[in-house]
Amino acid sequence: MTEKFDVKLEGKTFFPDPSLREHMRMGDYELAYNEFLKDPEAYWEKVAEELTWINKWDKICEWDHPHARWFINSKLNITQNCLDRHVQSGKKNKVALIWVGEGGEEKILTYRQLHREVMRFAAGLKSLGVKKGDAVCIYMPLVPEQIIVALACARIGAIHSIVFAGFGTRALNSRIRDSAAKIVVTADATIRRGKRVELKAIVEEAVVNAPSVDKIVVLRRTKPPMELYSEIEVDYYDVLKDVSECEAEVMDAEDPLFILYTSGTTGPAKGIVHTCAGYMVGTYYTTQNVFDLRDNDVFWCTADPGWITGHSYIIYGPLLAGGTILITESTPDYPDPGVWWNIIDDFDVTIFYTAPTAIRMFMRMGEDWPRKYDLSSLRILGSVGETLNPETFEWYYRVIGKERCPILDTWWQTETGMHMITTLAGQPMKPGFVGKPLPGVVADVVDNNGDPVPPGKGGFLVIKEPWPSMMRTVRNNEERYRQYWSTIGKYYTAGDLAVKDDDGYIMILGRSDDVLIVAGHNIGSAEVESALVSNEAVAEAAVIGKPDPLKGEIIKAFIILRKGYSPSDKLRSELIYHVRMSLGPIAMPSEVEFVESLPKTRSGKIMRRVLRAKELGMDPGDVSTLEE
Ligand code: WTA
């Protein structure tokens, strides 16, 4: 099946200034990769040695396919490494976090202040009865408290499950239930494009039928404060305890640190479980060596902590490395498309990490906007989440990086925890290609049998060896976890199609399954379909992704109506609204088509591939399993 993915590989190569390599921690890719190959365990041990441990490991790795354990029997607390370590080593007054609100408000926390706030909320969580191993759901806007709460959970060994505040009731409810969260921490509202978006109201609905929830903690941001009605609601500031110390819980290397839900091919979202030691080492390693984070950097990752990018490269990686992070609640085009460039100018941001969707939006707005601001503080640009196509790469490189900043197109996943494939700063850059596996990562492009395919032939992207920050399981679904490691030989199957060139550079061609990547966010077709079917008018639904110049993909839904309902524009809008309310705006179909039937296999499975081919005027491929 992979032949149809043969691709033309020739394109431009950008050669960065040779002096760049000398300045980078990992300036020599080959040297580092060979060092890793020579002794993988020693390679990772050296990284781990740079961090603080309560007790060190007996052994680096135990690999019992498909289960890996890393830094065996070591004891640690990740927050000691993110906070205490810096507070104790002269960085007390260094800025840890800069927050910019939509109206330009600012909050700045030093390491000392962040440390204190984390301990105060951690002590508060304890007083609410939260214990090591309990799950806490965080459904908050991008404010400092979102990060404080996550770190407070890690401080006491509670497992955080951050749900992006753009998700709707149904998505939140299923995540709360699956994780059996004891506490939900939320805010009254978030501000988006000048409008108030209520969050607590969504939580109130989402906790119905969620018996695990004892308390809802509400950060009340607006004045006068919104009333707290039910007994289970408590005010954020009443939870904070006036303590000057809240001891970090002693965590075993393999104790879970967090659950993060990501969309799957079938059924509801999967709760990806990450553990303490391996995740810490992986995110620290990549922040140091991919972003090359330095003491005087201001690091801005534009993701939300509700996604893995925010977990690894807003919260954990940069704080482990003792960096200054910048976050903003503002959207890139409100009140005008200059707001983000203004932030870079104002705060002298040095490392900027965003998604191709955002860059494509800026391209549309024109070069005049970024040109109004001084972007000369930038030294490294990053991209993540979807393919950075050559035109977008070149614009980003020329207009934002002034042909001076290397662009790191980083490929990785919720499941991998850390960057896996990229082109390190200083290496030749090939737009369209993410680059080579990082030292520490053994990745390849293979056929159905797991045999490597020659350069230029499309195949499946796999990871052949375990790595420290790999997910450990899928919550409540060990079977699903095993599938990752048993679909193609004994390799980890990423679910992406890819191709390599003669130099070993990897290009990502898209998903091999029914996961849609809309504006850089993973959306499971199954999740959208089940939201649609939960509407009384819908008998059956099938959802596909359609290429879109701005968002990468948009969602198109095909609907069979129940008896008694007939197609109309009004119903179409109602269905779109229904998905918006249940899953959130990111999962909203852009197009809805009413149909009489859907292509199915004889066993009754909808063949989305056939629908998609028909929609795009492509060859549907093998249709032998298609029902009449
Ligand atoms: C896609 C996000 C092309 C890919 C960190 C992957 C990418 C999925 C890139 C994971 C990239 C991520 N180029 N595609 N640089 N980075 N993807 O779990 O399909 O939200 O499997 O993690 O996003 O999305 P997730």
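In listed order, ligands and their atoms are each counted from 1.
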### Query
Looking only at N/O atoms, are Ile308 and ligand 1 under 3.5 Å apart anywhere?
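N/O-N/O distance under 3.5 Å: no.
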Run the salt-bridge test on [X] and [Y] with the 4.0 Å N-O cut-off and return the result as yes or no.
{"X": "Lys457", "Y": "Asp447", "answer": "no"}
{"X": "Glu529", "Y": "Arg608", "answer": "yes"}
{"X": "Glu553", "Y": "Lys546", "answer": "no"}
{"X": "Glu527", "Y": "Arg170", "answer": "no"}
{"X": "Arg192", "Y": "Glu329", "answer": "no"}
{"X": "Glu30", "Y": "Lys436", "answer": "yes"}

### Query
Is there a side chain to side chain contact (heavy atoms under 4.5 Å, CB included) between Glu478 and His67 once you walk through the steps?
CA-CA 11 Å; Glu478 171 63 18; His67 293 288; 2.7 Å; yes
Residue [X] vicinity, atoms of ligand 1 by number, heavy atom under 4.0 Å:
{"X": "Ile508", "value": "3 (C), 14 (N)"}
{"X": "Thr387", "value": "3 (C), 13 (N), 14 (N)"}
{"X": "Thr410", "value": "9 (C), 11 (C), 15 (N), 16 (N)"}
{"X": "Val384", "value": "5 (C)"}

### Query
Is the Lys NZ or Arg CZ of Arg480 less than 6.0 Å from the centre of Tyr484's six-membered ring, within 45° of the axis?
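Judged by the rule (NZ or CZ under 6.0 Å from the ring centre, within 45° of its axis), Arg480 counts as positioned above Tyr484.
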### Query
Do Arg175's NZ or CZ and the ring of Phe167 fall within the cation-pi criteria of under 6.0 Å and 45°?
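Checked: cation-pi criterion met.
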Residue, atom name and distance, where the atom is the protein heavy atom closest to [atom]:
{"atom": "atom 23 (O) of ligand 1", "answer": "Gly385 O, 3.3 Å"}
{"atom": "atom 10 (C) of ligand 1", "answer": "Trp412 O, 3.6 Å"}
{"atom": "atom 25 (P) of ligand 1", "answer": "Thr414 OG1, 3.5 Å"}
{"atom": "atom 4 (C) of ligand 1", "answer": "Asp496 OD2, 2.9 Å"}

### Message
On a heavy-atom basis, I'd like to know which of Val515, Asp409, Thr309 is closest to atom 15 (N) of ligand 1.
### Response
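That would be Asp409.
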### Query
Nearest non-hydrogen atom to atom 9 (C) of ligand 1 belongs to which of Met420, Glu386, His311?
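The option holding the nearest heavy atom is Glu386.
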### Query
ligand 1 versus Asn522, non-hydrogen atoms closer than 4.0 Å: side chain, backbone, both, neither?
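Side chain only.
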### Query
Under a 4.0 Å heavy-atom limit, does His521 contact ligand 1 with its side chain, its backbone, both, or neither?
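Neither; nothing of His521 gets under 4.0 Å from ligand 1.
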